[in-house]
Protein chains: 2
Amino acid sequence: MRNRPIPEATVARLPVYLQALLSLAEDRRQMTVSSDELAQMAGVNAAKVRKDLSYLGSYGTRGVGYDVEYLLYQITRELGLTQDLPAAIIGLGNLGRALASFKGFAERGFKISALFDVDDSVVGTNVGRIKVRHLDDLKDIVAEEGVVIGIIATPPAPAQLVAERLADAGIKSILNFAPAVVKVPPDVTVRKVDLSIELQILSFYQQRNQAIATAREASRRLGTSDPSPQARRPH
Amino acid sequence: MRNRPIPEATVARLPVYLQALLSLAEDRRQMTVSSDELAQMAGVNAAKVRKDLSYLGSYGTRGVGYDVEYLLYQITRELGLTQDLPAAIIGLGNLGRALASFKGFAERGFKISALFDVDDSVVGTNVGRIKVRHLDDLKDIVAEEGVVIGIIATPPAPAQLVAERLADAGIKSILNFAPAVVKVPPDVTVRKVDLSIELQILSFYQQRNQAIATAREASRRLGTSDPSPQARRPH
DNA sequence: ACGCGCTTGTGACCTAAATCACAAAGTCTG
DNA sequence: CAGACTTTGTGATTTAGGTCACAAGCGCGT
Ligand SMILES: NC(=O)c1ccc[n+]([C@@H]2O[C@H](COP(=O)([O-])OP(=O)(O)OC[C@H]3O[C@@H](n4cnc5c(N)ncnc54)[C@H](O)[C@@H]3O)[C@@H](O)[C@H]2O)c1
Ligand SMILES: NC(=O)c1ccc[n+]([C@@H]2O[C@H](COP(=O)([O-])OP(=O)(O)OC[C@H]3O[C@@H](n4cnc5c(N)ncnc54)[C@H](O)[C@@H]3O)[C@@H](O)[C@H]2O)c1
């Protein structure tokens, strides 16, 4: 099973297990954890946990479970979080500032090492400990600080340009908060986080469930049964 | 094809098409759009666009494409965005404030109608136009304002409690920014947005690609060819 | 040493989604 | 109005992922 490529879906869940393991490691009561417990904590099912972990290797002990510390280390290593990765934020508006002053990244393997904007009233000011630099200095400072992750928090319009600058500066990993699709060279990975999209998805299920409830209510009054048999839940 | 339940994956893409269509509708040059153009803009392939749209109905014209305005309306309707949905934010720290003062929600179908916190130095203050209320008043104010979406922006520890309060107040849709898995009754939908997880996923691919590049480099120097044949790209 | 209960690791199976590929239906041109 | 050209809509096929179910492995008690 080992050395098979790790499925994308599994990669996306490893951080969730990591989080769970961290909280177990904190209160030192539990040296070991079963796939079942971990599944509970991560909100998935136990078979999935076991299969996911089996891609990393046979780190469990039958009849016992997984050693918390050891598994923690293995996942950390697999995710490449053994040392803090330097990240840069581009665009220091509402969101960029919130991200920049967020203390939680450090304990999860990241370090905000540089900030960039183009607005003269922002460039040169400090946000937290770090001075905001002009976007034109991106390439130099990325090289200087060894930045490997770029976080786009500009308005949507300049997002494409910013992504290109990042790619040009040698950055291969981009997290994009702007509601815009950005195109990058094939060796660059972009992940998009769009809060409005998340809300719109919620809206869809909200409306659908409401429609189902309404239909059921109506049919109840009419004395018929089961108005729409496709009443499945999301997720 | 109509009246088949819309696949989850399709629902997640509809907002992306919506965004693309909005930008087309703005510059009024194009009355119509082909699946190919839309695919380009949304960053997916054309067949997927057509299949996705076909779940909504046959709104296209062969040889021509889709009418921008009409499609815009149909997607808006399908997502339940015909009127602004009232949302509440719980937890007005860095992130909560950024969200509360974000102007972009209105134009995407949402309205921040209430704010909640428990910290005495925050409760009673105004953020933007809205006064921050105490979490204990949640149920009343949710009923009063007709809030249907809850946005959790508290630290992870109280997230579960907040989710329960939201569910108790009758809210069926929750967007959770806290890095914690929350359990809710089966009729409530939760979506989680975890920035650290996104960064950790990027970290994984970053490291993997780097490892591949290093291996290739090593083998190049040694004069051998193709060190690891499983050099597939993420996504 | 041995059997019992617990838990992993994984093949087999099932479901959802992505992709392919092409007939059907339209536009446009001369 | 025929024929070339576009583009949709959708069955068929492939791929990825989720779930099931159980043999194999381990610890512990006796
Ligand atoms: N604030 C939120 O809560 C929120 C919520 C959802 C989505 N977003 C998205 O996140 C992004 C940022 O939101 P915001 O509220 O912080 O916006 P904002 O307008 O407050 O800040 C944008 C910042 O980007 C800077 N900027 C503009 N062009 C730039 C460029 N070419 N290079 C570098 N910097 C540039 C501006 O000077 C400004 O400081 C937007 O795309 C927005 O749609 C924000
Ligand atoms: N700030 C960021 O950029 C960022 C990035 C990633 C993740 N997050 C996550 O988002 C959440 C919020 O982050 P933040 O930086 O705004 O934190 P913060 O500490 O600045 O703010 C948290 C707010 O929640 C309030 N609060 C605490 N307990 C509460 C309760 N029981 N009910 C209501 N309100 C309560 C606090 O009074 C405070 O105002 C955290 O879980 C954090 O991990 C934030």
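Being a predicted model, the structure only gives us computed values, none of them experimental. A note on names: the letters A, B, ... follow the listed sequences, proteins ahead of strands, and every chain is numbered from 1.
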_Gln207(A) side chain vs Arg77(B) backbone, donor-acceptor pair below 3.5 Å_ = yes
*Hey, is the side chain of Tyr66(B) poking within less than 4.0 Å of OP1 or OP2 on dG9(D), counting only N and O atoms?*
yes
*Rounded to whole angstrom units, what separation is found between the CD atom of Glu8(B) and the P atom of dG17(D)?*
15 Å
*Look at the side chain of Lys51(B) against the base of dT19(C) and say whether a donor-acceptor pair falls under 3.5 Å; ignore hydrogens and angles.*
yes
*Lys48(A) NZ to dG11(C) C1': how many Å, rounded?*
18 Å
*Taking side-chain hydrogen bond (donor to acceptor under 3.5 Å, both in side chains) as the test, write out the residues that go with Ser113(A), two or more places apart.*
none
Side-chain polar contacts of residues 37-45 of chain B - donor-acceptor pairs under 3.5 angstrom, sequence neighbours left out - could you list them?
unit_1	atom_1	unit_2	atom_2	d
Glu37(B)	OE1	Gln30(B)	NE2	3.3
Glu37(B)	OE1	Ser34(B)	N	3.0
Glu37(B)	OE1	Ser34(B)	OG	3.4
Glu37(B)	OE2	Gln30(B)	NE2	2.5
Asn45(B)	OD1	Ala47(B)	N	3.1
Asn45(B)	OD1	Lys48(B)	N	3.0

*Sequence neighbours excluded, which residues qualify as salt bridge (charged side-chain N to carboxylate O under 4.0 Å, His left out) partners of Glu198(A)?*
Arg191(B)
_Is the phosphate of dT7(D) approached by Ser34(B) (side-chain N or O, under 4.0 Å from OP1 or OP2)?_
no
*For Arg108(A), enumerate each residue passing the side-chain hydrogen bond (donor to acceptor under 3.5 Å, both in side chains) test, keeping only those at least two apart in sequence or located in another chain.*
none
*Check DNA chain C against residues 9-22 of chain A and give the residues with a non-hydrogen atom under 4.0 Å, in numerical order.*
none
*asked:* Restricting to salt bridge (charged side-chain N to carboxylate O under 4.0 Å, His left out), what partner residues turn up for Lys192(A), sequence neighbours left out?
replied: none
*asked:* Does anything in residues 38-46 of chain B come within less than 4.0 Å of DNA chain C? Heavy atoms only, and list the residues if so.
replied: Asn45(B)
_Value in whole Å for how far the P atom of dT8(C) lies from CG of Leu71(A)_ = 11 Å
*Could you tell me the separation between the CD atom of Glu37(B) and the P atom of dT6(D), rounded to a whole number of Å?*
14 Å
*Just how far, in rounded Å, is C1' of dT8(D) from OH of Tyr55(B)?*
15 Å
_Using whole Å, what does the distance between atom C1' of nucleotide dT10(C) and atom OH of Tyr59(A) come to?_
17 Å
_Considering all heavy atoms, the nearest Gly60(A)-Tyr66(A) contact_ = CA-CD2, 3.4 Å
_Selection residues 175-184 of chain A - residue pairs positive for side chain to side chain donor-acceptor pair (under 3.5 Å), sequence neighbours left out_ = none
*Among the candidates dT7(C), dC20(D), dG9(D), find the nucleotide nearest to the side-chain atoms of Ala47(A).*
dC20(D)
*In the 5'-to-3' direction, what one-character label does each nucleotide of nucleotides 22-30 of chain C receive under the scheme B = base within less than 4.0 Å of a protein heavy atom, S = sugar-phosphate only, - = no such atom?*
--BBSS---
*Mind calculating the distance between CG (Asp52(A)) and P (dG17(D)) to the nearest angstrom?*
10 Å
*Just grab all the side chain to side chain donor-acceptor pair (under 3.5 Å) pairs involving residues 150-169 of chain A, residues at least two apart or on different chains.*
Asp136(A)-Arg165(A), Gln160(A)-Glu164(A)
*What residues, two or more places apart in sequence or in another chain, satisfy side-chain hydrogen bond (donor to acceptor under 3.5 Å, both in side chains) together with Thr10(B)?*
Asp52(B)
*Could you state the CG-P distance from Leu53(A) to dT10(C), rounded to the nearest angstrom?*
12 Å
_ring pair (Phe, Tyr, Trp, His ring centres under 6.0 Å) partners of Tyr70(A), counting only residues at least two apart_ = Tyr59(A)
*Which heavy atom in Thr76(B) sits nearest to a heavy atom in Leu18(B), and how many Å separate them?*
OG1-CD1, 3.6 Å
